[in-house]
Amino acid sequence: MRQMKTRVWSKNTRSNLITYGIVIAAYLVVEVMMRAGMISSLLKGLLVPLCMYVILAVSLNLTVGILGELSLGHAGFMCVGAFSSAVFSKCMLEAVPAGGVRFFLAILVGAAFAALFGILVGIPVLRLKGDYLAIVTLAFGEIIKNIVNVIFLGRDSRGFHISTKDAFSLNLEADGEMIINGPQGITGTPQNSSFFIGIILILITLFIVINLVNSRTGRAIMAIRDNRIAAESVGINITKYKLLAFTVSASLAGVAGVLYAHNLSTLAATPKNFGYNMSIMILVFVVLGGIGNIRGSIIAAVVLTLLPEMLRSLNDYRMLIYAVVLIVTMIFTSSPGGRAFRERYSLKLLFGGKNQAKEGE
């Protein structure tokens, strides 16, 4: 028994080290190519969003693949992290002049606010299952985006002022400044994000998710996914572990939002950035990479982010391609016909003509 545990542990350790190694090797290759002038300015501009998509895919896989619940509100948690951190950074420009320290604090703020919303949403929502959970989380994402678009926040010598009507109703003094200007969002956020910081955040995300999955808590979460009744019968607190996984996933989505917000000079809650299509795109990364497969989510996020830019003529059909890929993948992996095809194809690979000869006999 001890030898078996040692073998499993060493196998998991090797697999995890390979995942970390892939990320580090990719960073080194990209850095070498950039210094050699082999990467265009367009691709350089995609490096930080690429890191953001990887974090979003890995964090959503914790909910969809490990917990087994379908969530379509991941863009909402990203929106919470983005705007809370952007407000913090803009308000603390003078109080914390060191950009690195301020950005580190902004990451903590974004992760904390996203986790808080994860708890508030998860307590009532995680009682639902399947399509009902997906619909409610989708509604949450849309509600968050619409709420941000009606907020007008400013500050002057008298303090902070907030309104949901317009900017003039704030009655700011001459020395006042707008922080959130409704649909126009936030302007002047410090651009502290970089490819190196994105890679560091990816490694931290992988460390959190992988260690959670391989821990006792992760085994309890996967037990709930496999058989909720059996897990509850052996004393596993269903609500506690589901809420824990959902909150960690939301918090990491908030971190991705921080990375996104500090990569732009203007941050606005548009349907393109934080809407339904963003949540679906993240879900496609998870499904295409393999539900529950962390390394697959990373590869799928990288491939599906870079391909539209390499094939810019197909950029207008990106969401259509994502929909087709998602449908084909689900049919291939979940339907009885798809499973039978995979089993038959794998047998042919293993036995070649022998298998066909046996079928002929």
Side-chain angles (χ1 to χ4, degrees), residues 9 12 16 19 54-81 84-85 107-130 132-141 144 201-258 279 282-283 285-286 290-295 297-298:
W9 181 84
N12 289 335
N16 297 339
T19 304
V54 170
I55 295 173
L56 289 170
V58 172
S59 59
L60 182 61
N61 213 339
L62 181 60
T63 299
V64 176
I66 309 304
L67 180 59
E69 300 288 355
L70 179 58
S71 172
L72 295 179
H74 222 51
F77 297 118
M78 174 189 169
C79 182
V80 171
S84 60
S85 65
I107 292 174
L108 297 181
V109 169
F113 271 88
L116 177 61
F117 274 80
I119 294 173
L120 295 177
V121 174
I123 290 175
V125 164
L126 291 177
R127 299 176 184 273
L128 304 174
K129 297 180 182 178
Y132 300 103
L133 176 63
I135 292 171
V136 174
T137 53
L138 173 62
F140 159 74
I144 287 293
L201 292 178
I202 289 175
L203 293 175
I204 293 174
T205 301
L206 288 174
F207 179 81
I208 293 172
V209 173
I210 289 175
N211 280 276
L212 178 63
V213 170
N214 293 327
S215 66
R216 182 178 179 181
T217 300
R219 290 191 292 271
I221 293 171
M222 288 185 283
I224 296 172
R225 175 197 64 189
D226 296 336
N227 194 319
R228 174 174 179 157
I229 297 176
E232 194 170 11
S233 66
V234 297
I236 295 177
N237 191 328
I238 305 296
T239 304
K240 170 187 172 183
Y241 287 107
K242 289 180 70 174
L243 186 61
L244 175 63
F246 193 76
T247 302
V248 172
S249 177
S251 179
L252 294 175
V255 172
V258 176
S279 294
I282 303 167
L283 181 63
F285 295 157
V286 174
I291 296 178
N293 188 338
I294 304 300
R295 194 185 307 164
S297 297
I298 298 174

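A quick note: this is a predicted structure, and the numbers were derived from the prediction, not measured. Count residues from 1 along the sequence.
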Contact check, side chains of F140 and V125, non-hydrogen atoms, under 4.5 Å: no

field: Heavy-atom pair with the smallest gap, counting every atom of L56 and M78
entry: CD1-SD, 3.7 Å

Closest heavy-atom pair and its distance - V64, S71: CG2-N, 4.3 Å

- prompt: About how many Å separate CD1 of I202 and CG of L206, when rounded to the nearest 0.5 Å?
  reply: 7.5 Å

- line: d(L126 CG, T239 OG1) to nearest 0.5 Å is 8.0 Å

message: If you compare all heavy atoms of I123 against all heavy atoms of R127, which two are closest, and at what distance to 0.1 Å?
response: O-NE, 3.7 Å

query: What ring pair (Phe, Tyr, Trp, His ring centres under 6.0 Å) pairs are there with at least one residue in residues 207-241, not counting sequence neighbours?
result: none

task: Measure across M222 and V213 and return the closest heavy-atom pair with its distance rounded to 0.1 Å.
output: CE-O, 3.5 Å

- prompt: What's the spacing between I238 CD1 and I224 CD1 if we round to 0.5 Å?
  reply: 4.0 Å

query: Can you tell if the side chain of L62 reaches within under 4.5 Å of the side chain of V58, non-hydrogen atoms only?
result: no

message: Show the nearest heavy-atom pair for residues G118 and L243, with the distance to one decimal.
response: O-CD1, 4.2 Å

statement: Taking every heavy atom of N61 against every heavy atom of G292, the minimum-distance pair comes out as OD1-N, 2.8 Å

message: With a 4.5 Å cut-off on side-chain heavy atoms, are L70 and L133 touching?
response: no

message: Is any side-chain heavy atom of L212 closer than 4.5 Å to one of I66?
response: no

message: Taking side chain to side chain donor-acceptor pair (under 3.5 Å) as the cut-off, I'd like each qualifying pair that reaches into residues 201-216, sequence neighbours left out, listed once.
response: none

message: Quick check for you: to the nearest 0.5 Å, what is the distance between I282 atom CD1 and L60 atom CG?
response: 6.5 Å

message: With side chain to side chain donor-acceptor pair (under 3.5 Å) as the rule and sequence neighbours excluded, what pairs involving residues 246-256 come up?
response: T63-S249

task: State the CD1-CD1 distance between I55 and I298, to the nearest 0.5 angstrom.
output: 10.5 Å

message: Going by salt bridge (charged side-chain N to carboxylate O under 4.0 Å, His left out), name the pairs with one or both residues in residues 232-242, residues two or more places apart or in two chains.
response: E69-K242

message: Quick check: do T137 and H74 have side-chain heavy atoms less than 4.5 Å from each other?
response: no

message: So, using side chain to side chain contact (heavy atoms under 4.5 Å, CB included) as the criterion, who are the partners of I208 when residues are at least two apart?
response: I204, V248, L252

- prompt: Can you name the residues that form a ring pair (Phe, Tyr, Trp, His ring centres under 6.0 Å) with F246, not counting sequence neighbours?
  reply: F77

